[in-house]
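Everything below concerns the one structure shown next.
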Amino acid sequence: MFSATSLLAFIAIALDVAANPVVIDRSPVLSIPLTKIHNITSGHNLVASGLARAQSFRDRAKAHDLAEIRKRQSVPVTNEVVSYIASVGVGASDTQYQLIVDTGSSNTWVGADTKYVPSSTSTNTGARVSVSYGSGEFSGTEYIDEVTLSSSLVIKSQSIGVASKSQGFQGTDGILGIGPDDLTEGTVSGVSTVPTVTDNLFSQGTIAEKVVAISFEPTTTDEVTNGELFFGGTDSSKFTGDITYTNRTGDYWGITQTVTYGSTTILSSLAGIVDTGTTLLYLQETGFNAYMKATGGVLDDETGLYKITTAQYDALENLDFAINGIEFSLTPNAQIWPRSLNTVIGGSTSSIYLVVADLGKSSIHLLWRTRAGENGFNFINGYVFLERFYSVFDTTNNRVGFATTPFTTADTN
């Protein structure tokens, strides 16, 4: 029998474990490296690609039944500019596929470039799979196969899509989906949802919790391995201070935040999403206009971004994000596109481009579903935000976490 004291101690430990994901001092076998690439084609508009993806988010969030979810497959396709790629092995021969790491979707699939060849570990389910991302789409057949993320992250029976047709994924082979598993709803015929790679790593006992943590570093080169995807906990070598958690809202990795530029609040306690698959920081129209009025940004037709003068850059103030009572700041340097990469997006080498873009009308007109009912879709914290902070996507406790890193205030841009 437990004494009253020992029982209370046991309860306290259990509650602490539930509230705080496992922090691992350093265990590379639970992580895989991420490589940043740029996908630019002639006539590409950096802002338009993110807006196409945002429209896909809205369409799914407003779809209240499977019929509506399937109808959204006809959205225009635009390549996303910045992608983080993980090399993932599939099948008995461990064929390597270069997959985009995406928190905004949950299906894992291959075959966009390197074609899938069934092996002794492959099972054709016969089910049809189809997913649209706004920034791309694919359709094909669902298989069960062995997926190898690293030597210690091997999934024996992972459901994966094999593309017979894809668009918008030039230079990559597909997607490693690490969003919530309910985002797979209606994507595969004959099943309601599909277990994600995180779900299966947990169910087979490889990881202790359904947690994925992501580390990016700001970079000024076109292609570089500068990120880490960590499964089952958090990597203490990648962040500084404490991790601040906030409850997940909506169908995606959604959060609520207040955004302040200098001393002016431009978004007040509004809902939106965190997304590795979006390049820029998008704010709803009212907040965006307030930010541009304060910074003096002027639209550049060539890139779709807003640009500022050197004097205006020198006068920039911090752009602050209050998340569950803790402030995370984008410094002036973090608010601009890396100048060494201006030509990659069709810009001028001498220009300074802001990385904040217009998401469109306010949430009064653009509503999306949360578990508590309807809520606003007022921002997307994309790659330019995530490269400055450590991010944790915690399915076990239904929450998202952030922490500062050694690169939060780096002057790399």
Side-chain angles (χ1 to χ4, degrees), residues 15-23 54 57 61 102-106 178-183 196 198 209-216 229-236 238-261 265-278 281-284 287 318-330 334 359 363 367-405 408:
L15 290 174
D16 183 67
V17 169
N20 299 284
V22 176
V23 178
F57 291 152
D102 188 13
T103 59
S105 68
S106 301
I178 55 172
D181 59 8
D182 50 7
L183 294 182
T196 66
T198 311
E209 293 186 300
K210 290 196 284 186
V211 175
V212 179
I214 300 179
S215 168
F216 296 142
L229 188 62
F230 197 95
F231 288 90
T234 57
D235 182 349
S236 62
K238 297 295 184 180
F239 62 91
T240 58
D242 297 324
I243 298 173
T244 296
Y245 289 97
T246 187
N247 291 335
R248 173 195 162 208
T249 63
D251 292 335
Y252 297 87
W253 288 113
I255 64 171
T256 298
Q257 67 184 14
T258 292
V259 182
T260 302
Y261 177 76
T265 298
I266 58 178
L267 292 181
S268 182
S269 192
L270 294 178
I273 67 172
V274 181
D275 180 41
T276 60
T278 297
L281 170 66
Y282 286 84
L283 302 178
Q284 55 99 315
N318 282 357
L319 185 61
D320 299 321
F321 302 76
I323 300 171
N324 199 17
I326 302 298
E327 193 171 89
F328 296 87
S329 297
L330 287 184
L359 185 58
S363 62
L367 297 176
W368 66 311
R369 285 188 300 145
T370 71
R371 283 160 178 72
E374 300 286 352
N375 208 331
F377 179 43
N378 299 286
F379 61 83
I380 304 175
N381 290 0
Y383 153 74
V384 295
F385 175 88
L386 292 171
E387 70 174 351
R388 299 290 177 154
F389 305 104
Y390 193 73
S391 54
V392 184
F393 303 91
D394 184 352
T395 301
T396 298
N397 297 295
N398 201 35
R399 62 185 183 172
V400 184
F402 302 98
T404 55
T405 78
T408 295

- List the steps, then state whether side chain to side chain contact (heavy atoms under 4.5 Å, CB included) holds for V274 with L386. CA-CA 8 Å; V274 181; L386 292 171; 3.5 Å; yes
- Item | Listed partners of F216 passing ring-ring contact (aromatic ring centres under 6.0 Å, His included), at least two apart |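 Scan of F216 (ring-ring contact (aromatic ring centres under 6.0 Å, His included), adjacent residues dropped) gives Y84.
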- Message: Once ring-ring contact (aromatic ring centres under 6.0 Å, His included) is applied, do any residues pair with Y261, and if so which ones, sequence neighbours excluded?
- Response: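 With sequence neighbours excluded, Y261 shows a ring-ring contact (aromatic ring centres under 6.0 Å, His included) to Y291, given in chain and number order.
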- Verify whether the ring centers belonging to F389 and F328 lie closer than 6.0 Å.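 Distance test on ring centres: under 6.0 Å, yes.
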- Message: Ring centres under 6.0 Å, that's the criterion: do F379 and F385 meet it?
- Response: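 Here the rings of F385 and F379 have centres that are no less than 6.0 Å from each other.
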Among residues at least two apart in sequence or on other chains, which ones pass side-chain contact (heavy atoms from CB on, under 4.5 Å) with [X]?
{"X": "A403", "value": "F239, I243, Y390"}
{"X": "V384", "value": "L281, V355"}
{"X": "S106", "value": "P180, L183, T184, T196"}
{"X": "N324", "value": "T244, T246"}

- Message: Run V400 and F393 through side chain to side chain contact (heavy atoms under 4.5 Å, CB included) and show every step you take.
- Response: CA-CA 5 Å; V400 184; F393 303 91; 4.2 Å; yes
- Item | Partner residues of S329 under the side chain to side chain donor-acceptor pair (under 3.5 Å) criterion, sequence neighbours left out |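 Applying side chain to side chain donor-acceptor pair (under 3.5 Å) to S329 gives D320.
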- Check side chain to side chain donor-acceptor pair (under 3.5 Å) between T240 and all other residues, then give those that pass, not counting sequence neighbours.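 Result, side chain to side chain donor-acceptor pair (under 3.5 Å) vs T240: T404.
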- Heavy-atom pair with the smallest gap, counting every atom of N381 and Q257: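 Looking at all heavy atoms of both residues, the closest pair is ND2-OE1, 3.0 Å.
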So how far is it from [X] [atom1] to [Y] [atom2], rounded to the nearest 0.5 Å?
{"X": "Q284", "Y": "I266", "atom1": "CD", "atom2": "CD1", "value": "9.0 Å"}
{"X": "F321", "Y": "T260", "atom1": "CZ", "atom2": "OG1", "value": "9.5 Å"}
{"X": "R248", "Y": "D394", "atom1": "CZ", "atom2": "CG", "value": "11.0 Å"}
{"X": "F402", "Y": "I255", "atom1": "CZ", "atom2": "CD1", "value": "4.0 Å"}

- Task: Check the pair D275, D102 against side chain to side chain contact (heavy atoms under 4.5 Å, CB included), reporting the backbone distance first and the verdict last.
- Result: CA-CA 7 Å; D275 180 41; D102 188 13; 3.5 Å; yes
